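Here's the structure, in structure tokens; my notes come after.
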Amino acid sequence: MPELKSLLLGLVFALGIFSVKSGCGISYLLSTRATYFGKGATLGTVTLIYFVLFVGCWHICTTIDFVSHFNRLKSFFESGMALHVLMAGGTLLWAVSLLKDSETSRLKSLGWIPLVVPCPVCASAVFFITGFLVAFFPGHSFAAVLGAYAVYLVITLLTIALSTLPTRLTKTTPERTLGLAMLFVSAYFFISILVAPHFAELDKIY
């Protein structure tokens, strides 16, 4: 039971970090929209895509027997971690370039992409959370997954609101705030790689 609680807390923490990560990227993306209609359409589109991601993971977890595909699943996560390292390094370099005090840092950036678009590890976190809920709430798994999506949405909206404060209260540009967010995310990526469980033990966790 202690191992189960630790796993659940780890999944909840991963969902929170995932929400903060996407919230920072969405916040910058909204800052590039000049009208309220554009902001609303952008926010609605992104949140709808994440809704489809959660529901899609739920559908997969309820229709596929992953025990019979475990070896393939394990190989997928091993390759995903390698891509995770590359993305973390790229995000770090991108963040440093945005934080430089130059005119180019004031131009619109595409740095929101690695924050908003789920990387394999972030998508896996959603997948594991969904699988956990399906296993523990077999009769109400869809409602449980919708609850997880609601948690993601609330944390994301709070992050968006907090991310706009530096721009409103100081002369900090949205690009600099984005750079700081990317720096935080890349640091978390590297730390998570160091403390993540070994893939040799993935079958025990599963």
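Predicted, not measured: the structure shown is a model, and the values here were computed from it. Residues take their numbers from the sequence shown, with the count starting at 1.
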For [X] and [Y], which heavy atoms make the closest approach, and how far apart are they?
X    : Y    : result
A148 : L15  : O-CD2, 3.8 Å
S19  : T159 : O-OG1, 4.4 Å
P138 : A135 : CD-O, 3.8 Å

Do [X] and [Y] make a side-chain contact, defined as non-hydrogen atoms from C-beta onward lying under 4.5 Å apart?
X    : Y    : result
L43  : K39  : no
V55  : F142 : yes
I129 : L133 : yes
F127 : I60  : yes
Y152 : S22  : yes

If two hydrophobic side chains count as joined below 4.5 Å and joins carry through other members, does [X] share a cluster with [Y]?
X    : Y    : result
I160 : L158 : no
V117 : V46  : yes
W58  : F51  : yes
I17  : V154 : no
L153 : I49  : no

* Verdict with supporting geometry, T130 and V126, side-chain contact (heavy atoms from CB on, under 4.5 Å) -> CA-CA 6 Å; T130 304; V126 176; 4.2 Å; yes
* Within the distance-only criterion (no hydrogens, no angle test), does the side chain of S27 pair as donor or acceptor with the backbone N or O of C24 below 3.5 angstrom? -> no
* To do: Ignoring hydrogens and angles, tell me if any N or O in the side chain of T42 forms a donor-acceptor pair with the backbone of G38 under 3.5 Å.
  => yes
* Decide yes or no on side-chain contact (heavy atoms from CB on, under 4.5 Å) for F18 and T156, but give the supporting numbers first. => CA-CA 9 Å; F18 176 63; T156 298; over 6 Å; no
